[in-house]
**Q** 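Structure provided below as structure tokens; questions to follow.
Note that ligands are numbered from 1 as they come in the structure, with each ligand's atoms numbered from 1 the same way.
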Amino acid sequence: MRNAAQLMLTDSIKGKTAAVTGSTSGIGLAVAEALASAGCNVALSGLGDAAANEALRARLERDHGVKVTLNSGDLSKTAEVKAYIEDATAVFGGIDILVNNAGVQFVSPVDEFPDDKWDLIIALNLSSAFHAIKAALPGMKERGWGRIVNIASAHGLVASPFKSAYVTAKHGIIGLTKTVALECAESGITCTAICPAYVNTPLVAGQIRDQAKVHNMSEEQVVREVILAAQPNKRFVEPDEIAATVLFLCSPAGASITGVPVSLDGGWTAR
Ligand code: NAD
């Protein structure tokens, strides 16, 4: 029988394989690095500068002594999500930990919301998680162990104006989380949704710039009076807080945490 401190150790995930979508930046990168530092091989994914992403892949391998692959597919496309999971499975023999993190944001009143932005956000922020889970789950079931962590948002639990597609996708991913958790409850596989409030990443930096223009405010004013207005603790969540939560959920202590949102929101949704 292990004691409480032992249950929180991540030794047990050493040598496992983690796929983290959207892991070349922000939250996904912090999660991928934390899993690599715990000894997991990692399948990175992300768009952007190919040379910078390759340098990141090589650095993670060097710093953590694990194998790291890089996929530059557009995960808003079903076939590219399937290819990402299939390629990683071929290299590593299976995916043990799947973190569905890739996501984008677009802000507009619902009656002006561009159709293509709606379609992109639903495809990337919601459907890509379904396709990745569907492709990774059979191997997890065979091995009798798996951790699926969906990076949702406080916007999976509450809404804000002008974010119809994002709020819809994030509420949807919580429904997907609950369903997968129930279907896998006896298979040693958990499925959870992390719900952070604002995290200062490139995704939010873009929102700060846009809101400053819309409200004719300085970026500092936007952070204080708009972005963090609903967040009682008045500070951004750190990417490493989310990464540490993923490690906790993957440790033996996380074995019974399934089908639930795990909030890191400084009290936002307590209101
Ligand atoms: P980010 O912009 O820093 O990183 C996004 C990652 O997704 C990058 O690696 C990017 O290359 C990748 N990506 C974007 N479009 C892609 C596509 N079509 N195909 C494949 N990869 C793609 O964003 P972030 O702030 O780290 O957000 C990560 C996740 O966390 C998102 O799902 C977001 O909704 C969620 N989240 C963010 C915040 C926040 O305040 N930043 C809060 C709550 C939840």
Side-chain angles (χ1 to χ4, degrees), residues 19-34 42-50 52-54 56-57 60 70-85 99-107 116-117 119-129 131-132 149-160 163 165-174 176-177 193-209 211 222-223 226-228 230-231 235-243 245-246 261-266 268-269:
V20 185
T21 69
S23 45
T24 55
S25 167
I27 295 167
L29 174 53
V31 169
E33 180 130 32
V42 177
L44 293 175
S45 106
L47 304 181
D49 185 84
N53 290 345
E54 170 51 28
L56 171 68
R57 186 203 65 74
L60 290 182
L70 171 65
N71 178 289
S72 55
D74 177 351
L75 300 189
S76 67
K77 301 196 164 86
T78 304
E80 299 197 20
V81 182
K82 287 183 178 168
Y84 167 53
I85 299 298
V99 182
N100 288 304
N101 166 78
V104 288
Q105 173 63 287
F106 190 81
V107 178
D116 60 340
K117 294 289 184 195
D119 291 343
L120 170 65
I121 290 174
I122 299 301
L124 182 65
N125 297 22
L126 177 57
S127 300
S128 76
H131 295 301
V149 183
N150 298 316
I151 306 299
S153 165
H155 281 120
L157 299 168
V158 295
S160 294
K163 296 184 175 175
Y166 189 86
V167 169
T168 302
K170 296 299 186 182
H171 275 66
I173 209 159
I174 290 185
L176 177 64
T177 299
I194 295 184
C195 295
Y198 283 103
V199 188
N200 203 356
T201 66
L203 181 141
V204 166
Q207 286 184 62
I208 295 171
R209 276 194 304 275
Q211 298 269 347
V222 167
V223 168
V226 181
I227 300 278
L228 298 180
Q231 203 158 321
R235 69 164 181 85
F236 286 109
V237 181
E238 294 296 327
D240 280 342
E241 294 175 67
I242 298 167
T245 305
V246 172
V262 178
S263 287
L264 278 80
D265 68 5
W268 181 348
T269 52

**Q** Taking ring pair (Phe, Tyr, Trp, His ring centres under 6.0 Å) as the definition, give me every residue that meets it alongside Phe236, ordered by chain and number, with sequence neighbours left out.
**A**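 So Phe236 forms no ring pair (Phe, Tyr, Trp, His ring centres under 6.0 Å) with any residue.
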**Q** Can you name the salt bridge (charged side-chain N to carboxylate O under 4.0 Å, His left out) partners of Asp49, sequence neighbours left out?
**A**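 Once residues adjacent in sequence are excluded, Asp49 has no partner under the salt bridge (charged side-chain N to carboxylate O under 4.0 Å, His left out) criterion.
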**Q** At less than 4.0 angstrom from any atom of ligand 1, which residues have a non-hydrogen atom? List them by chain and residue number.
**A**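 Lining ligand 1 at under 4.0 Å, by heavy atoms, one finds Gly22, Ser23, Thr24, Ser25, Gly26, Ile27, Gly46, Leu47, Gly73, Asp74, Leu75, Asn101, Ala102, Gly103, Val104, Leu124, Ile151, Ala152, Ser153, Tyr166, Lys170, Pro196, Ala197, Tyr198, Val199, Thr201, Pro202, Leu203, Val204.
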**Q** Tell me every residue that passes salt bridge (charged side-chain N to carboxylate O under 4.0 Å, His left out) with Glu238, counting only those two or more places apart in sequence or in another chain.
**A**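 Partners of Glu238 under the salt bridge (charged side-chain N to carboxylate O under 4.0 Å, His left out) test: none.
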**Q** So, taking the atom named CD1 in Ile151 and the one named CG in Leu264, what distance separates them when rounded to the nearest 0.5 Å?
**A**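 With rounding to 0.5 Å, CD1 (Ile151) is 9.0 Å from CG (Leu264).
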**Q** Distance check, rounded to the nearest 0.5 Å: Ser153 atom OG versus Asp265 atom CG?
**A**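 Ser153 OG to Asp265 CG: 9.0 Å, rounded to 0.5 Å.
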**Q** Determine, step by step, whether Thr24 and Leu70 satisfy the side-chain contact (heavy atoms from CB on, under 4.5 Å) criterion, reporting the C-alpha distance in whole Å, the side-chain angles of both residues, the deciding distance to 0.1 Å, and the verdict.
**A** CA-CA 9 Å; Thr24 55; Leu70 171 65; 4.1 Å; yes
